[in-house]
Amino acid sequence: MSEPEHDALKERTRFDPAEVEPRILEAWLSSGLFHPEAERDRGDNYSIAFPPPNVTGDLHMGHALQVATQDTLIRYHRMLGQPTKFILGTDHAGIGTQMQVEKQLAREGTTRQAIGRDAFLERIWAWKELHGSNIVDQLKRLGASLDYSEERFTLDEAYAAAVMHVFVRLFDRGLIYRGNYMVNWDPGSRSAISDLEVEEREVADTLYSIAYPFAEGDGEVVVATVRPETMLADTAVAVHPDDERYREYVGREVVLPLVGRRLRVIADVYVKPEFGTGVLKITPGHDPNDFEIGRSHGLEELSVIGEDGRISDAAGPRFAGLSIERARAAVVAALEQEGVLRGSEPYTHKVPFSHRSGERIEPLISLQWFMRMDELARPAIDVVIDGRVRFHPEQQGRVYREWMDNIRPWCISRQLWWGHRLPVYYCDACEETYVTTAPPERCGACDGRLRQDEDVLDTWFSSALYPFATLGWPQDAPELRAFYPTDVLVTGRDIIFLWVARMIMMGIEFCGTEPFSDVYITSIIQAPDGRRMSKSLGTGIDPVEEIDRHGADAVRFGMLAMSSTQDVKYSAEKVAQGQGLANKLFNASRFVLMSIDPDAPAQARPAAIEDRWILSRLARIEAEVTLRLARFDFAHAALGLYDFVYGELCDWYLELVKGRLAGAGDDRVAVSSTLLHVLRETLALAHPMIPFVTEEVWSFVRRPDEGLLVGAAFPVADEDRLDPAAEAELAWAIAATQAVRGWRDEVGIKPKVVMPVRVLSEGHDEVVGLVARMARLRLDEGAESAACVASVGVPGGTVEVLAGEGVDLGAHADRLEKRRTGLRAEIDGVRRKLGNAAFVAKAPPAVVDGVRERLAGLESELEAL
RNA sequence: GGGCGCGUAGCUCAGUGGGAGAGCGCUCGCUUCACACGCGAGAGGUCGCAGGUUCGAAACCCGCCGCGCCCACCA
């Protein structure tokens, strides 16, 4: 380090993320290290496909957590020397994006229908250009080492071609088909949505009882319903076949009130005799269960609710055009008037709502495109069973299998404009349909004009191809060969079915192999009060604001420390802890750089017991972090690092060697060498987790021939440096230091006073000097020189305090007595344990010996007092 | 209805068979020549409740109480 550098560093008493981060980021980006060349085959290459954020969205805490974990893995593997690719892409997010732009249009007093499909799509693309780069800037601020040079978008030409290719192939295989089925209709987005986009909410409704008179006029049956308005589309009434009460009714006819239609009484095992009256009205057009029953009995399927969520003309002039709520009130009033309303009671139950628009789902029969999933699911279940895909935590694999075992057809068409339009063409003149990526100009059968299907695909259909469509599939691209399959997929629990399962199915189907070997499921970050983090609730916390406040390293560390196998509340304290670590590491580094011999090489040169100790501890933390990362245990990796830096490196080692650094001669060179070595290893060890501060400090400690830390080697634990003897000695020294400090504090001896003492403790000659330094003691070997005025118990011995200046003993008698009482209680407990014959006989000898040793230690301390 | 998870210091959470821990907060002391976003020392816990297994349980088993999440077609 040059003198000006040295002086500049001296002034920087705090780590300033706002000043450092842009500089470091720029260095990384221009280094080209985020972009691996795809020149080799898969081999030991390492890749992760970052879950594509919505293109017009903002970074949220879930992203911050995912960046922290994935980028830690990516940086770690890059430092292991593996060609490493962190795949970047954004998602067009069909419904979400379209609805945002529709809202914008609404503010302008127009609609997408009014401006037309082409103009509308232009508007969305313009919107995307405006907002799309935002998310990438935010990812950079977190330090995500994504391959920014190859950013993908799910509507890119090449990506879209992959989607079309998949659709046609699955159609040709007979897995994709078109048909009239009951779907979840979202009146908000005016589109069908899949089962997975529906959420159930508790709603307080009313359960109405309605009498349906027999056609012959001899009595009635009473049905119960929470949706009286759907009675207008009833086409049957059902009872359970074994229900004695109604057996004779089966086959008879009732008259539908208000409408006058005759309905057959049918028998079906679906009906629960114990619910309500045991008679169920059947509305195949507006209820999923009734739809199934209707199909199996060949019932007519009537529809009285339109795609706008209002009563349609089919219901007749009396109710047509009414909203569901008003229609319900009107129907109930009419039923009452007709004298067939038999009762009503409050009823709370679960009702489906659209996850996207928040509106209540209308089950409707609709002509849609579906995909049969059972055939694709089978091999995707197998790869999880035989361990080729491993879930972390494991139980998520069971959740996955449970869902896959019961998988149902997927409604893949959406009545939207923003997305991949179906490669399906209909002939205007005849019945011909073409499903192809290369449609002919005109119909091959009748030469009629072709018209493309209006619908687009569910966004998740394209997302399912993400790990290979981003790498150039279906072309035989070098990137695909080099980086598919990817290694780990990191995402939240909420999209295991929506995304993870479908990627596994599609990866196996189209690439012949599962798209990743490990699935790490992250926590869902909740607001500090335990509620969901969301903008609408006002509980959201913006990761970028947190970066502004605490720095990117702090946010990353906090996220890693928070990460868990279950949902976690956002912890500002963990982020602050990360900020503390970054600052601590920075300042410790300043101290090292300003104190060491400038000519000392970075190498382990232990010249004293504390050197052997820190090298041993370093080897242990290196092994631990490595193990934790391999197990996706980020919290313990981060917190273990924190403990090492604070609890061992800074609190003890730096303090222990200050005297030697202030000295001269070869020992100063030796300790400087070791210190520099330990610092460099620590920086490299910490870099994957807190990259900015470590890269910044690295610029001061790297050799002229070395590049950025991001491209340096990850440290390997040196087992030869493990030194249990040195660890035991330092453990004693630390305990002794703390005992003496505690005593001094209690008795009120001023911190500056150097207290004369005599240490009576066998076998710690190598470290008593260290205790003296740390506890401000003067070791008085001349035993006769001063009188012993007090004694302090330390493990396995005692420290006699001698008379001296500043040694004013006040309340120490109390303290000693307190300590004695505590010791006696502890000794009693341990003796009782040893007196238990069963314990001595049955417990492992090592445990018994350990307890005996502990007793001996406690006894000698008590005796010393 | 089925499944999963959680109840440990004031708060947020580690610890999963042998001496109750961390961060934050709190108290006391310290302008110690890296850091006051600091350093040192402390206080604070019937480990949800009740049984069981074991020489030994915060941890393993059973039950109960409380909280959360996921899945599921009872109108």
Side-chain angles (χ1 to χ4, degrees), chain A residues 9-10 12-15 182 200 207-208 223-227 230 238 270-272 274-283 287-293 347 349-350 352 363 393 395-396 398-399 402-403 406 493-494 496-497 524 526 528 530 550 554 561-562 564-574 576-580 582-595 635-636 639 642-643 646-647 650-651 654-655 658 662 737-738 741-746 748 750-752 774-776 826 829-830 833 836-844 846-848 850-851 854 858:
Chain A
L9 195 56
K10 197 173 176 184
R12 293 170 65 183
T13 60
R14 282 182 198 164
F15 178 64
M182 172 97 9
E200 306 278 329
L207 185 65
Y208 297 96
V223 301
T225 181
V226 289
R227 301 203 59 189
T230 64
Y270 169 77
V271 181
K272 300 269 192 292
E274 67 280 5
F275 189 93
T277 58
V279 184
L280 178 63
K281 74 185 202 57
I282 303 295
T283 320
D287 182 278
N289 303 309
D290 296 5
F291 175 78
E292 296 296 330
I293 295 171
Y347 186 68
H349 64 145
K350 298 275 183 65
Q395 68 254 26
Q396 296 296 343
R398 292 204 300 276
V399 177
E402 174 74 21
W403 186 76
N406 300 300
R493 231 179 347 80
D494 48 339
I496 291 178
F497 308 139
I524 307 284
Q526 299 167 339
H550 303 284
M562 265 177 253
S564 161
T565 56
Q566 61 186 59
D567 294 351
V568 292
K569 296 188 182 91
Y570 182 75
S571 164
E573 289 82 8
K574 286 279 194 306
Q577 202 179 342
Q579 187 179 3
N583 189 57
K584 193 73 174 174
L585 204 47
F586 183 75
N587 275 297
S589 304
R590 283 176 60 232
F591 168 72
V592 171
L593 290 163
M594 294 185 300
S595 311
H636 288 100
L639 293 168
Y642 180 93
D643 286 344
Y646 266 82
C650 294
D651 287 353
L654 294 187
E655 297 300 330
K658 274 181 177 172
T737 301
Q738 288 172 332
R741 279 175 179 168
W743 185 87
R744 289 179 57 131
D745 201 51
E746 184 78 15
K750 294 258 184 304
K752 279 187 173 171
M774 299 302 287
R776 292 219 172 207
E826 215 172 325
V830 177
K833 197 168 197 177
N836 183 343
F839 170 71
V840 180
K842 294 196 178 183
V847 172
V848 179
V851 174
R854 208 176 116 226
L858 291 168

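Values reported hereafter were calculated over all heavy atoms of this structure, with side chains retained and with hydrogens, waters and symmetry mates removed. Numbers restart at 1 for each chain; the letters A, B, ... are given by sequence-line order, proteins then strands.
Here G23(B) is the nucleotide among G23(B), G18(B), C55(B) with the atom lying nearest to any side-chain atom of Q577(A). With distances taken from any side-chain atom of C650(A) to the nucleotides C30(B), A34(B), C35(B), the minimum falls on A34(B). In the set C4(B), C55(B), G19(B), the nucleotide with an atom closest to the side chain of A838(A) is C55(B). Considering only side-chain atoms of E655(A), the nucleotide from A41(B), A34(B), G18(B) that sits closest is A34(B). The side chain of K658(A) sits closest to A34(B) out of G23(B), U32(B), A34(B).
To the nearest angstrom, C1' of C35(B) lies 12 Å from CG of L9(A). Rounded to an integer number of Å, the gap from CD of E746(A) to C1' of U27(B) is 13 Å. Protein atom CD of Q526(A) is 8 Å distant from nucleotide atom C1' of G68(B), rounded to whole Å. When the C1' atom of G19(B) is taken as reference, atom CZ of F839(A) falls 11 Å away, rounded to whole Å. Rounded to an integer number of Å, the gap from M774(A) CE to G40(B) P is 8 Å. With rounding to whole Å, D745(A) atom CG is found 7 Å from G40(B) atom C1'. Taking atom CD of residue Q395(A) and atom P of nucleotide C4(B), one finds them 9 Å apart after rounding to whole Å. Across the protein-nucleic acid pair, R776(A) atom CZ and C39(B) atom C1' stand 12 Å apart, rounded to whole Å.
Taking the ring axis of Y642(A) as reference, the NZ or CZ atom of K584(A) does not stay both within 45° of it and closer than 6.0 Å to the ring centre.
At C39(B), one or more side-chain N or O atoms of K584(A) fall inside 4.0 Å of OP1 or OP2 (strictly under the cut-off). Using a 4.0 Å cut-off, no side-chain N or O of R14(A) falls inside it from OP1 or OP2 of C35(B).
One C1' atom belongs to G63(B), the other to U53(B), and the distance between them is 15 Å to the nearest Å. Comparing the same atom, P, in A43(B) and in G56(B) gives a spacing of 31 Å after rounding to whole Å. Rounded to whole Å, the C1' atom of G10(B) lies 31 Å from the corresponding atom of G51(B). Taking the C1' atoms as reference points, A41(B) lies 46 Å from C62(B), given to the whole Å. Going from the P atom of G23(B) to that of U32(B) covers 23 Å, rounded to whole Å. As rounded to the nearest Å, U46(B) and U8(B) have P atoms that lie 12 Å from one another. When the C1' atom is compared between G18(B) and A34(B), the two are found 41 Å apart, to the nearest whole Å. G21(B) and G15(B) have their C1' atoms separated by 7 Å, with the value rounded to a whole Å.
Applying the side chain to side chain donor-acceptor pair (under 3.5 Å) test to S589(A) and every residue at least two apart in sequence or in another chain returns nothing. Applying the side-chain contact (heavy atoms from CB on, under 4.5 Å) test to N836(A) and every residue at least two apart in sequence or in another chain returns A838(A), F839(A). Under the side-chain contact (heavy atoms from CB on, under 4.5 Å) criterion, H550(A) pairs with E546(A), A554(A), V575(A), Q579(A), sequence neighbours left out. Under the side chain to side chain donor-acceptor pair (under 3.5 Å) criterion, K574(A) pairs with no residue, sequence neighbours left out.
Across all strands shown, the partner of C39(B) is G29(B), judged by Watson-Crick or G-U wobble contacts whose two distances both fall under 3.5 Å. Nucleotide C69(B): paired with G3(B) (Watson-Crick or G-U wobble, both distances less than 3.5 Å). The partner of C55(B), taking Watson-Crick or G-U wobble pairs whose two distances both stay under 3.5 Å, is G18(B).
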For this session: Produce a footprint string for nucleotides 6-14 of chain B: one letter per nucleotide, 5' end first; B if the base is under 4.0 Å from any protein heavy atom, S if only the sugar-phosphate is, - if neither.
Result: S------SS
For this session: Using a 4.0 Å cut-off on protein heavy atoms (strictly under), produce a 5'-to-3' string for nucleotides 70-75 of chain B with B for base contact, S for backbone-only sugar-phosphate contact, and - for none.
Result: SSBBBB
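A donor-acceptor contact under 3.5 angstrom links the side chains of N289(A) and Y270(A), judged on distance only.
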Exercise. Given the rule in the salt bridge (charged side-chain N to carboxylate O under 4.0 Å, His left out) test, do R227(A) and D287(A) qualify, once you have shown the distances and angles that lead to the verdict?
Worked result: CA-CA 10 Å; R227(A) 301 203 59 189; D287(A) 182 278; over 6 Å; no
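With hydrogens and angles ignored, the 3.5 Å screen pairs a side-chain donor or acceptor of R744(A) with a backbone N or O of R776(A). Not a single donor-acceptor pair under 3.5 Å links the side chain of R854(A) to the backbone N or O of V830(A). Judged by distance alone, with hydrogens and angles left aside, the side-chain atoms of R14(A) form no donor-acceptor pair with the main-chain N or O of N583(A) at under 3.5 Å. Formation of a donor-acceptor pair under 3.5 Å by the N587(A) side chain with backbone atoms of T13(A) is found in this model.
Backbone-only engagement by R590(A) is indicated by non-hydrogen atom pairs under 4.0 Å involving sugar-phosphate atoms exclusively. Residue-level contact check: D290(A) touches neither bases nor backbone, having no heavy atom under 4.0 Å from any strand. No contact: K752(A) has no heavy atom under 4.0 Å from any strand.
Relative orientation of the W403(A) and F497(A) rings is parallel, given thresholds of 30° and 60° on the angle between their planes.
Across the interface with RNA chain B, nearest-nucleotide mapping of R741(A) and G580(A) shows G580(A) to be the residue nearer the 5′ end.
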